Chemist: 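Have a look at this one.
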Amino acid sequence: MLIKNVDIITENKPDEIIYGASILIKGDTIERIIKNGEPLPNDTEIIDGNGMIAMPGFVNTHTHCAMTFLRNYGNDMNLQDWLFKKVFPAEDKLTAEAVYWFSKLAYIEFIKSGITTHVDSYFFMESSARAVEEAGIRAVLNRSVSGISDPDGEKLKESSSFFRTYNNSCSGRIKSVLGAHSIYTSDEKYIVKVVEEANKIGSGLVTHLCETQKEIDDCILQHNATPVEYLDRIGYFDVDGMKIAAHCVHMSDNDIDILARKNVSAAINMSSNLKLASGIADVPRLIKSGVNVSLGTDGASSNNNLNMFNEMRLAALVYKGLTLNPEIMNAETVLSLATANGAKAILDNNIGVVAEGAKADIVLIDTNSPSIAPTNELAPAVVYSAGAGDVNTVICNGKMLMQNKELLTIDENETVWNVKYFARRILSR
Ligand SMILES: [Zn+2]
(Lines give C-alpha, C1' and ligand atoms only; values in the text may rest on other atoms or scores of the structure.)
Protein backbone atom coordinates (compact mmCIF):
# COMPACT_ATOMS: atom_id res chain seq x y z
CA MET A 1 0.00 0.00 0.00
CA LEU A 2 1.30 3.44 -0.92
CA ILE A 3 -0.10 6.64 0.57
CA LYS A 4 0.88 9.06 -2.17
CA ASN A 5 1.72 12.72 -1.93
CA VAL A 6 0.84 13.45 1.68
CA ASP A 7 2.06 15.93 4.32
CA ILE A 8 3.38 13.97 7.30
CA ILE A 9 3.53 15.00 10.95
CA THR A 10 6.04 12.31 11.91
CA GLU A 11 6.35 12.67 15.73
CA ASN A 12 9.67 10.94 15.08
CA LYS A 13 11.77 14.06 15.67
CA PRO A 14 10.50 17.17 17.47
CA ASP A 15 8.12 19.17 15.26
CA GLU A 16 9.21 17.29 12.11
CA ILE A 17 6.94 17.67 9.08
CA ILE A 18 7.67 16.12 5.68
CA TYR A 19 5.70 17.76 2.88
CA GLY A 20 4.46 15.97 -0.25
CA ALA A 21 5.99 12.59 0.62
CA SER A 22 4.68 9.08 0.06
CA ILE A 23 4.43 6.32 2.67
CA LEU A 24 5.08 2.76 1.51
CA ILE A 25 3.47 0.14 3.77
CA LYS A 26 4.47 -3.51 3.51
CA GLY A 27 2.47 -5.88 5.70
CA ASP A 28 2.12 -4.28 9.12
CA THR A 29 5.14 -1.97 8.76
CA ILE A 30 6.07 1.38 7.24
CA GLU A 31 8.79 0.24 4.87
CA ARG A 32 9.80 3.59 3.38
CA ILE A 33 8.99 7.26 3.46
CA ILE A 34 9.64 8.42 -0.07
CA LYS A 35 10.48 12.09 -0.39
CA ASN A 36 8.87 14.31 -3.01
CA GLY A 37 10.60 13.82 -6.40
CA GLU A 38 11.99 10.34 -5.71
CA PRO A 39 10.70 7.47 -7.89
CA LEU A 40 7.62 5.62 -6.60
CA PRO A 41 6.83 1.91 -6.84
CA ASN A 42 3.89 1.22 -9.15
CA ASP A 43 3.06 -2.36 -8.22
CA THR A 44 1.04 -1.55 -5.12
CA GLU A 45 -2.37 -0.26 -4.05
CA ILE A 46 -2.36 3.56 -4.15
CA ILE A 47 -4.12 5.72 -1.55
CA ASP A 48 -4.32 9.33 -2.69
CA GLY A 49 -2.91 11.45 0.12
CA ASN A 50 -3.24 14.74 -1.70
CA GLY A 51 -4.84 17.32 0.60
CA MET A 52 -4.36 15.04 3.61
CA ILE A 53 -2.23 15.21 6.74
CA ALA A 54 -0.77 11.83 7.71
CA MET A 55 0.00 11.40 11.38
CA PRO A 56 0.41 8.55 13.88
CA GLY A 57 -2.81 7.10 15.28
CA PHE A 58 -3.68 8.49 18.69
CA VAL A 59 -2.76 6.48 21.80
CA ASN A 60 -5.47 6.76 24.45
CA THR A 61 -3.68 5.72 27.63
CA HIS A 62 -6.62 5.54 30.01
CA THR A 63 -10.16 4.41 29.31
CA HIS A 64 -12.88 1.96 30.26
CA CYS A 65 -14.36 0.99 26.92
CA ALA A 66 -17.46 -0.88 28.00
CA MET A 67 -18.57 2.09 30.08
CA THR A 68 -20.19 3.36 26.88
CA PHE A 69 -23.38 1.82 28.30
CA LEU A 70 -23.28 4.42 31.07
CA ARG A 71 -22.86 7.32 28.67
CA ASN A 72 -25.09 10.21 29.70
CA TYR A 73 -25.97 8.35 32.93
CA GLY A 74 -25.09 9.76 36.36
CA ASN A 75 -24.14 13.27 35.33
CA ASP A 76 -23.16 16.35 37.31
CA MET A 77 -21.95 14.39 40.35
CA ASN A 78 -18.62 14.16 42.13
CA LEU A 79 -16.40 11.10 41.68
CA GLN A 80 -17.31 9.31 44.92
CA ASP A 81 -21.10 9.63 44.47
CA TRP A 82 -20.93 8.89 40.74
CA LEU A 83 -18.76 5.79 41.29
CA PHE A 84 -20.39 4.26 44.37
CA LYS A 85 -24.05 5.26 43.78
CA LYS A 86 -24.28 4.95 39.99
CA VAL A 87 -21.39 3.14 38.31
CA PHE A 88 -20.57 0.20 40.60
CA PRO A 89 -24.22 -0.89 41.11
CA ALA A 90 -24.82 -0.84 37.33
CA GLU A 91 -21.55 -2.65 36.58
CA ASP A 92 -22.57 -5.47 38.94
CA LYS A 93 -25.19 -6.47 36.34
CA LEU A 94 -22.83 -6.67 33.36
CA THR A 95 -22.44 -9.81 31.27
CA ALA A 96 -19.71 -10.95 28.89
CA GLU A 97 -21.96 -10.49 25.86
CA ALA A 98 -22.92 -6.96 26.91
CA VAL A 99 -19.25 -5.98 27.41
CA TYR A 100 -18.47 -7.23 23.90
CA TRP A 101 -21.02 -4.84 22.35
CA PHE A 102 -20.30 -1.93 24.69
CA SER A 103 -16.59 -2.18 23.86
CA LYS A 104 -17.32 -2.32 20.15
CA LEU A 105 -19.20 0.96 20.41
CA ALA A 106 -16.11 2.50 21.97
CA TYR A 107 -13.97 1.16 19.14
CA ILE A 108 -16.25 2.77 16.55
CA GLU A 109 -15.73 6.11 18.25
CA PHE A 110 -11.99 5.42 18.54
CA ILE A 111 -11.55 4.62 14.86
CA LYS A 112 -13.70 7.52 13.69
CA SER A 113 -11.64 9.93 15.78
CA GLY A 114 -8.25 8.46 14.87
CA ILE A 115 -7.46 6.45 18.02
CA THR A 116 -5.63 3.27 17.01
CA THR A 117 -4.31 2.22 20.45
CA HIS A 118 -5.87 2.32 23.89
CA VAL A 119 -5.38 1.11 27.45
CA ASP A 120 -8.61 -0.38 28.78
CA SER A 121 -9.15 -1.20 32.45
CA TYR A 122 -12.31 -3.23 32.95
CA PHE A 123 -13.60 -6.78 33.32
CA PHE A 124 -14.90 -9.56 31.04
CA MET A 125 -11.69 -8.84 29.14
CA GLU A 126 -12.05 -11.94 26.95
CA SER A 127 -15.01 -10.11 25.41
CA SER A 128 -12.85 -7.04 24.87
CA ALA A 129 -10.08 -9.13 23.32
CA ARG A 130 -12.57 -10.70 20.90
CA ALA A 131 -13.86 -7.25 19.93
CA VAL A 132 -10.32 -5.82 19.57
CA GLU A 133 -9.36 -8.69 17.30
CA GLU A 134 -12.35 -8.03 15.04
CA ALA A 135 -12.02 -4.24 15.08
CA GLY A 136 -8.36 -4.36 14.02
CA ILE A 137 -7.19 -1.84 16.62
CA ARG A 138 -4.41 -2.12 19.20
CA ALA A 139 -5.07 -2.47 22.94
CA VAL A 140 -3.52 -2.92 26.34
CA LEU A 141 -6.14 -4.85 28.29
CA ASN A 142 -6.16 -4.70 32.08
CA ARG A 143 -8.57 -6.94 33.96
CA SER A 144 -8.99 -4.36 36.69
CA VAL A 145 -9.22 -5.62 40.27
CA SER A 146 -10.06 -4.14 43.65
CA GLY A 147 -9.97 -5.53 47.16
CA ILE A 148 -13.55 -4.50 47.93
CA SER A 149 -14.90 -6.72 45.15
CA ASP A 150 -12.39 -9.56 45.45
CA PRO A 151 -12.51 -11.01 48.99
CA ASP A 152 -11.14 -14.44 47.98
CA GLY A 153 -8.57 -13.24 45.42
CA GLU A 154 -10.31 -15.02 42.53
CA LYS A 155 -10.42 -11.89 40.37
CA LEU A 156 -6.70 -11.29 40.78
CA LYS A 157 -6.12 -14.89 39.67
CA GLU A 158 -8.37 -14.25 36.67
CA SER A 159 -6.44 -11.08 35.82
CA SER A 160 -3.13 -12.92 36.04
CA SER A 161 -4.39 -15.76 33.89
CA PHE A 162 -5.72 -13.25 31.32
CA PHE A 163 -2.26 -11.64 31.21
CA ARG A 164 -0.56 -14.97 30.61
CA THR A 165 -2.98 -15.94 27.83
CA TYR A 166 -3.37 -12.62 26.04
CA ASN A 167 -0.20 -10.56 26.51
CA ASN A 168 1.41 -10.09 23.07
CA SER A 169 -1.42 -11.98 21.35
CA CYS A 170 -3.36 -11.13 18.20
CA SER A 171 -0.23 -10.47 16.06
CA GLY A 172 1.07 -8.25 18.87
CA ARG A 173 -1.99 -5.98 18.78
CA ILE A 174 -3.08 -7.05 22.26
CA LYS A 175 -0.92 -6.54 25.32
CA SER A 176 -2.01 -6.98 28.90
CA VAL A 177 -1.14 -5.50 32.26
CA LEU A 178 -2.21 -5.98 35.87
CA GLY A 179 -3.43 -3.21 38.15
CA ALA A 180 -5.40 -2.42 41.28
CA HIS A 181 -8.23 0.01 40.49
CA SER A 182 -7.16 2.56 43.13
CA ILE A 183 -5.93 2.92 46.69
CA TYR A 184 -9.45 3.71 47.91
CA THR A 185 -10.99 0.45 46.60
CA SER A 186 -8.31 -1.88 48.01
CA ASP A 187 -6.57 -2.25 51.35
CA GLU A 188 -2.80 -2.46 51.68
CA LYS A 189 -2.76 -6.26 51.96
CA TYR A 190 -4.60 -6.59 48.65
CA ILE A 191 -2.41 -4.08 46.80
CA VAL A 192 0.69 -5.94 48.04
CA LYS A 193 -0.79 -9.14 46.57
CA VAL A 194 -1.28 -7.39 43.21
CA VAL A 195 2.34 -6.18 43.24
CA GLU A 196 3.58 -9.68 44.11
CA GLU A 197 1.55 -11.19 41.28
CA ALA A 198 2.87 -8.58 38.80
CA ASN A 199 6.45 -9.38 39.83
CA LYS A 200 5.77 -13.11 39.56
CA ILE A 201 4.40 -12.99 36.00
CA GLY A 202 6.49 -10.06 34.70
CA SER A 203 3.64 -7.59 34.29
CA GLY A 204 3.67 -3.84 34.69
CA LEU A 205 0.97 -2.08 36.73
CA VAL A 206 -1.63 0.57 36.07
CA THR A 207 -3.88 2.37 38.56
CA HIS A 208 -6.01 5.43 39.18
CA LEU A 209 -3.91 7.81 41.26
CA CYS A 210 -4.35 11.18 42.98
CA GLU A 211 -7.66 11.87 41.28
CA THR A 212 -9.45 13.83 44.01
CA GLN A 213 -8.42 15.84 47.05
CA LYS A 214 -10.46 13.40 49.17
CA GLU A 215 -8.20 10.54 48.03
CA ILE A 216 -5.14 12.49 49.21
CA ASP A 217 -6.68 13.55 52.55
CA ASP A 218 -7.95 10.03 53.38
CA CYS A 219 -4.60 8.49 52.46
CA ILE A 220 -2.62 10.88 54.64
CA LEU A 221 -4.96 10.17 57.58
CA GLN A 222 -4.79 6.42 57.10
CA HIS A 223 -1.20 5.85 55.98
CA ASN A 224 0.57 9.05 56.96
CA ALA A 225 1.69 9.36 53.33
CA THR A 226 0.38 10.74 50.05
CA PRO A 227 -1.05 8.13 47.65
CA VAL A 228 2.17 8.24 45.60
CA GLU A 229 4.40 7.85 48.68
CA TYR A 230 2.16 5.04 49.95
CA LEU A 231 2.24 3.06 46.68
CA ASP A 232 5.97 3.69 46.36
CA ARG A 233 6.50 2.25 49.84
CA ILE A 234 4.58 -0.89 48.84
CA GLY A 235 6.75 -1.33 45.72
CA TYR A 236 4.02 -0.52 43.20
CA PHE A 237 6.44 1.47 41.06
CA ASP A 238 9.30 -1.04 41.25
CA VAL A 239 7.74 -3.61 38.94
CA ASP A 240 9.32 -4.31 35.59
CA GLY A 241 7.01 -3.26 32.76
CA MET A 242 4.65 -0.45 31.88
CA LYS A 243 3.66 1.77 34.79
CA ILE A 244 0.77 4.15 34.20
CA ALA A 245 -0.85 6.38 36.79
CA ALA A 246 -4.16 7.74 35.57
CA HIS A 247 -5.17 11.28 36.57
CA CYS A 248 -2.31 12.68 38.75
CA VAL A 249 -4.46 15.71 39.59
CA HIS A 250 -3.35 16.48 43.13
CA MET A 251 0.39 15.99 43.50
CA SER A 252 3.18 17.37 45.66
CA ASP A 253 6.65 18.09 44.29
CA ASN A 254 7.85 14.92 46.01
CA ASP A 255 5.05 12.87 44.36
CA ILE A 256 6.04 14.15 40.93
CA ASP A 257 9.68 13.47 41.70
CA ILE A 258 8.85 9.85 42.58
CA LEU A 259 6.93 9.36 39.30
CA ALA A 260 9.82 10.80 37.30
CA ARG A 261 12.45 8.69 39.09
CA LYS A 262 10.45 5.47 38.85
CA ASN A 263 9.52 5.97 35.16
CA VAL A 264 5.81 6.08 35.88
CA SER A 265 3.86 7.65 33.02
CA ALA A 266 0.95 9.94 33.75
CA ALA A 267 -2.30 9.44 31.82
CA ILE A 268 -4.13 12.76 32.02
CA ASN A 269 -7.89 12.84 31.54
CA MET A 270 -8.79 16.50 31.15
CA SER A 271 -12.53 16.14 30.40
CA SER A 272 -13.21 13.54 33.06
CA ASN A 273 -11.43 15.50 35.79
CA LEU A 274 -13.32 18.64 34.87
CA LYS A 275 -16.70 16.92 34.58
CA LEU A 276 -16.39 15.13 37.94
CA ALA A 277 -15.09 18.37 39.47
CA SER A 278 -11.93 16.52 40.55
CA GLY A 279 -9.58 19.31 39.50
CA ILE A 280 -6.97 19.96 36.83
CA ALA A 281 -3.68 18.04 36.63
CA ASP A 282 -0.64 20.29 36.42
CA VAL A 283 0.61 18.99 33.08
CA PRO A 284 3.23 21.71 32.49
CA ARG A 285 4.76 20.98 35.91
CA LEU A 286 4.72 17.21 35.29
CA ILE A 287 6.45 17.66 31.94
CA LYS A 288 9.01 20.06 33.37
CA SER A 289 9.84 17.55 36.10
CA GLY A 290 10.58 14.84 33.57
CA VAL A 291 7.40 12.75 33.84
CA ASN A 292 6.22 11.16 30.60
CA VAL A 293 2.76 12.69 30.18
CA SER A 294 0.14 11.15 27.90
CA LEU A 295 -3.58 11.70 27.39
CA GLY A 296 -6.62 9.54 28.07
CA THR A 297 -10.32 9.92 27.51
CA ASP A 298 -11.36 7.94 30.61
CA GLY A 299 -14.71 6.18 30.19
CA ALA A 300 -17.69 7.50 28.27
CA SER A 301 -19.65 8.02 31.47
CA SER A 302 -17.36 10.73 32.83
CA ASN A 303 -16.44 12.50 29.60
CA ASN A 304 -18.93 11.76 27.73
CA ASN A 305 -16.98 11.15 24.51
CA LEU A 306 -14.00 8.99 23.60
CA ASN A 307 -12.32 11.56 21.43
CA MET A 308 -8.70 12.66 21.69
CA PHE A 309 -9.37 15.90 19.80
CA ASN A 310 -11.44 17.05 22.78
CA GLU A 311 -8.65 16.08 25.20
CA MET A 312 -5.95 17.80 23.13
CA ARG A 313 -8.00 20.96 22.85
CA LEU A 314 -8.45 21.17 26.61
CA ALA A 315 -4.78 20.38 27.26
CA ALA A 316 -3.76 23.14 24.86
CA LEU A 317 -6.19 25.78 26.16
CA VAL A 318 -6.72 25.26 29.90
CA TYR A 319 -3.16 26.07 31.02
CA LYS A 320 -3.07 29.22 28.93
CA GLY A 321 -6.17 30.38 30.77
CA LEU A 322 -4.78 29.43 34.16
CA THR A 323 -1.32 30.98 33.71
CA LEU A 324 -1.98 33.77 31.16
CA ASN A 325 1.06 32.38 29.31
CA PRO A 326 0.23 31.52 25.66
CA GLU A 327 3.43 29.49 25.26
CA ILE A 328 2.90 27.19 28.25
CA MET A 329 1.51 24.31 26.14
CA ASN A 330 1.98 24.66 22.40
CA ALA A 331 0.19 22.57 19.79
CA GLU A 332 3.27 20.49 18.99
CA THR A 333 3.70 19.48 22.64
CA VAL A 334 0.04 18.56 22.97
CA LEU A 335 0.13 16.45 19.80
CA SER A 336 3.07 14.50 21.22
CA LEU A 337 1.14 13.82 24.44
CA ALA A 338 -1.59 12.20 22.34
CA THR A 339 0.74 10.10 20.16
CA ALA A 340 4.44 9.47 20.84
CA ASN A 341 4.18 9.90 24.63
CA GLY A 342 1.28 7.44 24.73
CA ALA A 343 3.42 4.90 22.90
CA LYS A 344 6.19 5.52 25.41
CA ALA A 345 3.74 4.99 28.29
CA ILE A 346 2.89 1.50 27.06
CA LEU A 347 6.57 0.81 26.27
CA ASP A 348 5.87 0.25 22.57
CA ASN A 349 8.56 1.97 20.52
CA ASN A 350 7.08 0.64 17.27
CA ILE A 351 4.07 2.93 17.34
CA GLY A 352 3.25 6.60 17.99
CA VAL A 353 5.39 7.78 15.06
CA VAL A 354 5.27 7.77 11.27
CA ALA A 355 8.76 6.51 10.52
CA GLU A 356 10.50 3.82 8.51
CA GLY A 357 10.41 0.54 10.42
CA ALA A 358 7.51 1.60 12.66
CA LYS A 359 4.18 -0.20 12.63
CA ALA A 360 1.76 1.28 10.12
CA ASP A 361 -0.71 2.96 12.49
CA ILE A 362 -1.61 6.01 10.42
CA VAL A 363 -4.45 8.50 10.40
CA LEU A 364 -5.25 10.73 7.42
CA ILE A 365 -6.89 14.06 8.19
CA ASP A 366 -8.70 15.84 5.37
CA THR A 367 -7.40 19.40 5.07
CA ASN A 368 -10.20 20.33 2.68
CA SER A 369 -12.67 20.07 5.56
CA PRO A 370 -14.43 23.44 5.94
CA SER A 371 -13.69 23.44 9.67
CA ILE A 372 -9.90 23.21 9.29
CA ALA A 373 -9.06 24.78 5.89
CA PRO A 374 -6.70 26.39 5.29
CA THR A 375 -4.19 24.41 7.33
CA ASN A 376 -1.47 27.02 7.38
CA GLU A 377 0.36 25.33 10.25
CA LEU A 378 -0.20 21.60 10.53
CA ALA A 379 0.13 20.75 14.23
CA PRO A 380 -2.05 23.72 15.31
CA ALA A 381 -4.57 22.72 12.62
CA VAL A 382 -4.86 19.26 14.16
CA VAL A 383 -4.95 20.46 17.78
CA TYR A 384 -7.02 23.64 17.55
CA SER A 385 -9.36 23.11 14.58
CA ALA A 386 -9.64 19.46 13.66
CA GLY A 387 -12.28 17.16 15.07
CA ALA A 388 -13.35 13.57 14.57
CA GLY A 389 -15.32 14.64 11.48
CA ASP A 390 -12.07 15.54 9.71
CA VAL A 391 -10.57 12.05 10.07
CA ASN A 392 -10.79 10.51 6.61
CA THR A 393 -8.81 7.26 6.78
CA VAL A 394 -7.43 5.09 9.58
CA ILE A 395 -4.86 2.32 9.22
CA CYS A 396 -3.70 0.11 12.08
CA ASN A 397 -0.98 -2.54 11.88
CA GLY A 398 -1.01 -2.04 8.10
CA LYS A 399 -4.71 -2.81 7.82
CA MET A 400 -7.33 -0.35 6.60
CA LEU A 401 -9.95 0.19 9.35
CA MET A 402 -11.69 3.21 7.83
CA GLN A 403 -11.33 4.55 4.29
CA ASN A 404 -12.92 7.77 3.06
CA LYS A 405 -14.93 7.82 6.31
CA GLU A 406 -16.32 4.35 5.71
CA LEU A 407 -15.84 1.95 8.65
CA LEU A 408 -14.59 -1.36 7.35
CA THR A 409 -14.26 -3.64 10.36
CA ILE A 410 -17.32 -2.94 12.53
CA ASP A 411 -21.01 -2.87 11.64
CA GLU A 412 -22.11 0.44 13.12
CA ASN A 413 -25.89 -0.04 13.05
CA GLU A 414 -25.74 -3.54 14.49
CA THR A 415 -23.46 -2.32 17.29
CA VAL A 416 -25.55 0.69 18.26
CA TRP A 417 -28.71 -1.46 18.25
CA ASN A 418 -27.13 -4.06 20.53
CA VAL A 419 -25.67 -1.44 22.87
CA LYS A 420 -29.06 0.22 23.31
CA TYR A 421 -30.70 -3.18 23.86
CA PHE A 422 -28.21 -4.40 26.49
CA ALA A 423 -27.92 -1.00 28.19
CA ARG A 424 -31.70 -0.81 28.60
CA ARG A 425 -31.83 -4.33 30.04
CA ILE A 426 -29.05 -3.64 32.53
CA LEU A 427 -30.14 -0.19 33.66
CA SER A 428 -33.83 -1.09 34.05
CA ARG A 429 -33.13 -4.14 36.25
ZN1 LIG B 1 -10.60 5.70 34.94
Side-chain angles (χ1 to χ4, degrees), residues 11 13-14 59-62 119 121 140 142 177-180 182-183 191 194-195 198-199 203-213 215-216 219-220 223-270 273 278-296 298 311-312 315-316 318-319 322-323 325 327-330 332-349 351-353:
E11 287 298 325
K13 295 175 196 157
V59 182
N60 175 3
T61 53
H62 181 72
V119 181
S121 294
V140 177
N142 159 234
V177 66
L178 297 194
S182 61
I183 61 159
I191 298 176
V194 175
V195 173
N199 281 323
S203 170
L205 284 169
V206 296
T207 192
H208 294 84
L209 189 59
C210 299
E211 187 169 359
T212 62
Q213 189 59 48
E215 178 186 333
I216 315 296
C219 187
I220 289 172
H223 305 287
N224 197 25
T226 66
V228 175
E229 291 163 355
Y230 165 59
L231 285 184
D232 189 38
R233 202 162 69 196
I234 294 175
Y236 208 86
F237 305 134
D238 295 322
V239 296
D240 201 12
M242 73 179 80
K243 289 170 268 191
I244 302 177
H247 301 300
C248 304
V249 176
H250 303 276
M251 301 203 118
S252 69
D253 286 342
N254 186 46
D255 292 340
I256 293 178
D257 188 50
I258 291 170
L259 295 194
R261 262 192 298 115
K262 299 283 172 95
N263 291 317
V264 181
S265 288
I268 305 298
N269 307 270
M270 303 290 300
N273 296 150
S278 300
I280 298 170
D282 194 342
V283 169
R285 185 163 65 120
L286 285 160
I287 294 174
K288 207 172 153 205
S289 309
V291 176
N292 178 51
V293 178
S294 60
L295 295 180
D298 215 347
E311 302 311 310
M312 288 196 299
V318 161
Y319 304 102
L322 289 174
T323 63
N325 174 5
E327 295 172 6
I328 189 130
M329 286 281 283
N330 64 30
E332 287 77 8
T333 301
V334 171
L335 203 53
S336 298
L337 304 188
T339 54
N341 288 17
K344 204 171 155 194
I346 64 166
L347 307 182
D348 191 338
N349 52 20
I351 65 162
V353 294

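On a predicted model such as this, the values are computed, not experimentally measured, just so you know.
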Chemist: According to the interplanar angle, ranging from 0 to 90°, do the rings of His62 and His208 count as parallel (below 30°), tilted (30 to 60°) or perpendicular (above 60°)?
Modeler: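 Plane angle over 60°, so perpendicular.
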Chemist: How far apart are the closest heavy atoms of Pro227 and Leu209, and which atoms are they?
Modeler: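 Heavy atoms only, the tightest pair is CB-CD1, 3.7 Å.
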Chemist: If the test is side chain to side chain contact (heavy atoms under 4.5 Å, CB included), which one of Leu259, Asn292, Val206 qualifies with Ser265?
Modeler: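 Result: among Leu259, Asn292, Val206, Asn292 is the only option passing the side chain to side chain contact (heavy atoms under 4.5 Å, CB included) with Ser265.
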Chemist: Any non-hydrogen side-chain atom of Asn325 less than 4.5 Å from a side-chain atom of Tyr319?
Modeler: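 Result no, sub-4.5 Å side-chain heavy-atom pair not found.
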Chemist: Going by atom types only, do Ser121 and Asn142 share a side-chain donor-acceptor pair under 3.5 Å?
Modeler: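 On atom types as modelled, these side chains qualify, holding a pair under 3.5 Å.
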Chemist: What is the ring orientation for Tyr230 with His223, classed by angle as parallel under 30°, tilted 30 to 60°, or perpendicular over 60°?
Modeler: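 Judged by the thresholds at 30° and 60°, the geometry between Tyr230 and His223 is parallel.
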Chemist: Any side-chain heavy atom of Glu229 sitting closer than 4.5 Å to one from Asp255?
Modeler: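 Sidechains of Asp255 and Glu229: in contact.
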Chemist: Would you say the side chain of His247 lies within less than 4.5 Å of the side chain of Cys210, judging by non-hydrogen atoms?
Modeler: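 Cys210 vs His247: side chains apart.
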Chemist: CD of Glu211 to OG of Ser182: how many Å apart, nearest 0.5 Å?
Modeler: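 Separation between the atoms: 8.5 Å.
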Chemist: How far apart are the C-alpha atoms of Leu337 and Met329, what are their side-chain angles, what is the distance that settles it, and do they pass the side-chain contact (heavy atoms from CB on, under 4.5 Å) test?
Modeler: CA-CA 11 Å; Leu337 304 188; Met329 286 281 283; 3.8 Å; yes
Chemist: Output the distance between atom CE (Met312) and atom CG (Leu295), rounded to the nearest 0.5 Å.
Modeler: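 Interatomic distance, Met312 CE to Leu295 CG, rounded to 0.5 Å: 8.0 Å.
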Chemist: Is there a side-chain contact between Val264 and Tyr236 in this structure, where contact means two heavy atoms from C-beta onward sitting under 4.5 Å apart?
Modeler: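 Sidechains of Tyr236 and Val264: no contact.
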Chemist: Do Ile234 and Val195 pass the side-chain contact (heavy atoms from CB on, under 4.5 Å) test, and can you show the C-alpha distance, the side-chain angles, and the key distance before you say yes or no?
Modeler: CA-CA 8 Å; Ile234 294 175; Val195 173; 4.2 Å; yes
Chemist: Report yes or no: does Thr207 contribute a side-chain atom to a donor-acceptor pair with the main-chain N or O of Ala180 at less than 3.5 Å?
Modeler: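 Yes: the side chain of Thr207 pairs with the backbone of Ala180.
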Chemist: Between Lys262 and Phe237, which heavy-atom pair has the shortest distance, and what is it?
Modeler: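 Here Lys262 and Phe237 meet closest at CB-CB, 3.7 Å.
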Chemist: Going from CD1 on Ile256 to CZ on Arg261, what distance comes out if it is rounded to the nearest 0.5 angstrom?
Modeler: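 Going from the CD1 atom of Ile256 to the CZ atom of Arg261 covers 13.0 Å.
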Chemist: So, for Leu286 and Ala266, which heavy atoms are closest and what is the spacing to 0.1 Å?
Modeler: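 Heavy atoms of Leu286 and Ala266 come nearest at CD1-CB, 4.5 Å.
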Chemist: Determine the minimum heavy-atom distance between Val239 and Leu205, stating which atoms define it.
Modeler: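 That would be CG1-CD1, 3.6 Å.
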Chemist: Can you tell me how far apart NZ (Lys344) and OG1 (Thr339) are? Round to the nearest 0.5 Å.
Modeler: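 So the NZ of Lys344 and the OG1 of Thr339 are separated by 12.0 Å.
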Chemist: With the side chain counted from C-beta on, respond yes when Met251 and Asp282 share a heavy-atom pair under 4.5 Å apart, and no when they do not.
Modeler: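 A side-chain contact under 4.5 Å is absent here.
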Chemist: Can you tell me if Asp298 uses its side chain to pair, donor with acceptor, with the backbone of Asn269 under 3.5 Å?
Modeler: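 Answer holds: no.
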Chemist: Roughly how far apart are Asn341 CG and Ile346 CD1, rounded to 0.5 Å?
Modeler: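 Nearest 0.5 Å value for the CG-CD1 distance: 12.0 Å.
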Chemist: Nearest 0.5 Å, please: how far is CG in Asn330 from CG in Leu335?
Modeler: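 Those atoms lie 10.0 Å apart.
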Chemist: Okay, side chain of Ser294, backbone of Ala338: is any donor-acceptor separation there less than 3.5 Å?
Modeler: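 Here the side-chain-to-backbone pair does not exist.
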Chemist: Just so I know, are the side chains of Asn254 and Thr226 near enough to count as touching, which here means a heavy-atom distance under 4.5 Å?
Modeler: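 Result no, sub-4.5 Å side-chain heavy-atom pair not found.
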Chemist: Might you point out which heavy atoms bring Gly279 and Asn273 nearest each other, and give the distance in Å?
Modeler: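 Minimum heavy-atom separation between Gly279 and Asn273: O-CB, 3.2 Å.
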Chemist: Looking at Thr61 and Ala345, what are the two nearest heavy atoms and their distance?
Modeler: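 Smallest heavy-atom distance, with atoms named: CG2-CB, 4.1 Å.
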Chemist: Got Ile268 and Glu311 here, is their nearest side-chain heavy-atom distance under 4.5 Å?
Modeler: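 A side-chain contact is absent here, since even the closest heavy-atom pair is not under 4.5 Å.
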